[in-house]
Amino acid sequence: MNPKALHFIRNRPVSTIALAITFMTIIYVFFFPDSQTKHQNKFGSSVRPRKAQKPIPRDLPGNHIQRFQMNNVKASAQAAQNKEKVLILTPLARFYDEYWANLVALSYPHSAIELGFIVPRTKEGDIALASLDKAIKLTQSSADKFAKITILRQDNTDTLESQSEQDRHDLKVQKQRRSAMAVARNSLVFTTISHDTSWVLWLDSDIIESPATLLQDMTLHNKDIIVANCFQRYIDDQGVESTRAYDFNSWQESEIGLELAASLPEEEIIVEGYNEMATYRALMAYMNNPNEDKHIEVPLDGVGGTALLVKAEVHRDGAMFPPFSFYHLIETEGFAKMAKRLGYQPYGLPNYLVYHYNE
Ligand SMILES: Nc1nc2c(ncn2[C@@H]2O[C@H](COP(=O)(O)OP(=O)(O)O)[C@@H](O)[C@H]2O)c(=O)[nH]1
Ligand SMILES: [Mg+2]
């Protein structure tokens with residue numbers, strides 16, 4: 001060895017060791033780059049590879065971790081037998097005893113039913129909430145009690161104050177009203193849907209007649225989206241009790257409807273059932289035939305929300321109620337459009353009736 005080097009090693013042993021370690025580190029990094037590689041994550045930043053980890057025990061003390069297999073959440077034609085979880089959702093501005101009595105009378109196992117409400121912050125909402133509270137206390141202390149009940153107070157301040165049926169239906173207020181309703185429905189479903197919810201039934205609070213077998217009858221069709229036909233009882237000019245169509249939001253699109261949509265500015269919506277906006281769509285309300293089978297199905301492009309059954313998966317996939325013009329549609333009709341864009345086909349039951357309160 002070079003005598004100068006020998007001299008250096010003898011006189012400076014610590015520096016020699018430090019130099020040797022540095023040299024070996026450089027060689028190691030240069031020849032075995034893999035062991036040092038930092039991986040890039042999807043954002044392009046470097047991350048060190050994980051060290052092999054000990055498997056996490058499945059049951060930590062105190063149930064800190066819950067695991068759910070979403071593939072096991074089934075929504076089938078045998079919903080009641082399988083006790084598939086149903087979430088019944090109601091935006092509630094007015095409370096009707098008949099509506100509550102029909103919920104309590106549902107023959108679907110109540111242990112598999114959860115209820116969710118959203119109540120506006122208005123005087124009318126306060127009154128409805130007081131009645132709802134009373135009804136809940138009675139039912140939940142009885143054998144008919146439901147698995148769970150959630151009540152939300154609406155957080156938007158632009159809710160319309162109490163309105164008569166005529167005022168609510170005025171074409172001028174439709175966009176603002178339906179937009180507020182869409183926001184309320186979205187808040188309600190996103191807050192209450194659970195990991196084990198199989199079905200969501202949207203049921204308006206002013207549906208005062210519906211069969212006890214409503215859930216079995218509608219789930220039997222095993223459709224992603226299916227809507228009942230909503231009628232109303234009234235006394236005709238001769239004083240005779242009669243029925244008429246109430247909800248015109250369930251329909252099949254027409255050529256004229258599509259042309260009308262194409263002619264409108266992006267933000268403008270089409271609302272069904274107004275002469276000012278004749279679409280000539282085929283309305284499910286007029287497809288009703290009491291002499292035919294009540295389980296006849298028709299495919300739809302727009303749906304109403306009075307009694308609307310949706311597989312929870314459809315909402316989980318992102319189908320919601322657009323509070324803005326979505327292909328010139330809003331709220332429940334916009335929901336049908338969005339679901340269709342996600343690949344789901346809505347259906348309607350023209351001969352399966354529920355009845356709306358007559359103000
Ligand atoms: N949360 C909430 N619910 C509302 C509001 N307005 C109406 N509702 C409820 O939403 C559902 C549909 O509204 P409704 O006024 O009956 O619509 P219409 O029958 O088409 O005139 C019913 O269950 C109402 O009680 C509101 O501003 N906020
Ligand atoms: Mg109504």
Side-chain angles (χ1 to χ4, degrees), residues 88-100 102-103 115-133 135 149-192 200-210 214 227-234 244-251 269 271-274 283-285 302-308 320-321 323 329-336 353-359:
I88 302 181
L89 297 181
T90 301
L92 184 128
R94 293 170 295 278
F95 181 88
Y96 294 94
D97 292 329
E98 297 92 330
Y99 154 85
W100 189 262
N102 293 335
L103 280 185
L115 307 180
F117 301 92
I118 185 160
V119 185
R121 279 186 199 282
T122 55
K123 269 197 216 99
E124 193 183 39
D126 291 343
I127 296 166
L129 184 58
S131 306
L132 175 67
D133 269 338
I149 300 180
T150 308
I151 303 175
L152 310 180
R153 266 339 266 278
Q154 212 163 308
D155 67 358
N156 52 335
T157 49
D158 60 350
T159 345
L160 303 170
E161 273 294 341
S162 171
Q163 286 180 324
S164 68
E165 187 175 310
Q166 197 179 356
D167 288 345
R168 291 202 314 268
H169 293 178
D170 193 274
L171 181 56
K172 289 196 291 294
V173 301
Q174 281 299 302
K175 191 171 176 191
Q176 187 197 355
R177 207 182 94 75
R178 304 259 333 249
S179 172
M181 284 305 305
V183 171
R185 288 187 194 276
N186 290 334
S187 304
L188 184 54
V189 67
F190 294 142
T191 311
T192 54
V200 177
L201 175 73
W202 291 94
L203 187 66
D204 278 356
S205 71
D206 41 19
I207 297 304
I208 51 163
E209 268 183 67
S210 55
L214 181 71
V227 63
N229 210 354
C230 179
F231 269 48
Q232 185 178 50
R233 296 191 190 278
Y234 74 109
R244 62 186 169 206
Y246 181 83
D247 187 353
F248 297 108
N249 292 337
S250 299
W251 42 259
I269 59 161
V271 278
E272 200 41 65
Y274 293 84
L283 305 182
M284 183 170 81
V303 298
T306 48
L308 169 69
M320 48 78 154
F321 301 92
L329 300 170
I330 200 163
E331 207 216 348
T332 56
E333 293 161 287
F335 162 74
L353 297 182
V354 296
Y355 290 90
H356 191 277
Y357 181 76
N358 188 347
E359 294 164 46

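Every heavy atom of this structure was used, including side-chain atoms; hydrogens, water molecules and symmetry mates were not. First listed ligand is number 1; within each ligand, the first listed atom is number 1. Residue numbers start at 1 and run along the sequence shown.
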Quick one: which ligand 1 atoms are inside 4.0 Å of a heavy atom on Y246? 18 (P), 19 (O), 21 (O)
Of the N, O or S atoms in D206, the one nearest the Mg ion (ligand 2): OD2
So is there a nitrogen or oxygen of A93 less than 3.5 Å from a nitrogen or oxygen in ligand 1? yes
Does Q232 reach the main-chain N or O of Y357 with its side chain, forming a donor-acceptor pair under 3.5 Å? yes
Does R153 pair with D126 as a salt bridge, N-O distance under 4.0 Å? yes
Do F231 and Y246 have their ring centres less than 6.0 Å from each other? no
Can an N, O or S atom be found in D204 less than 2.8 Å away from the Mg ion (ligand 2)? no
A184-ligand 1 polar pair, N/O distance under 3.5 Å: no
Looking only at heavy atoms, the pair that brings S131 and F95 closest together is CB-CD2, 3.5 Å
With a 4.0 Å heavy-atom cut-off (strictly under), which part of L92 contacts ligand 1: side chain, backbone, both or neither? backbone
Quick note on ligand 1: atoms under 4.0 Å from a heavy atom of R177 include exactly 14 (P), 15 (O), 17 (O), 18 (P), 20 (O), 21 (O)
Within 4.0 Å of some non-hydrogen atom of H356, the atoms of ligand 1 are 19 (O)
Is D206 close to Y99 at the side-chain level, that is, under 4.5 Å between some pair of heavy atoms? no
Using ring centroids (six-membered ring only for Trp), state whether F321 and W202 fall under 6.0 Å. yes
Answer with side chain, backbone, both or neither: which part of Q154 has a heavy atom less than 4.0 angstrom from an atom of ligand 1? side chain
Test L214 against V354 for side chain to side chain contact (heavy atoms under 4.5 Å, CB included), laying out the working first. CA-CA 9 Å; L214 181 71; V354 296; 4.2 Å; yes
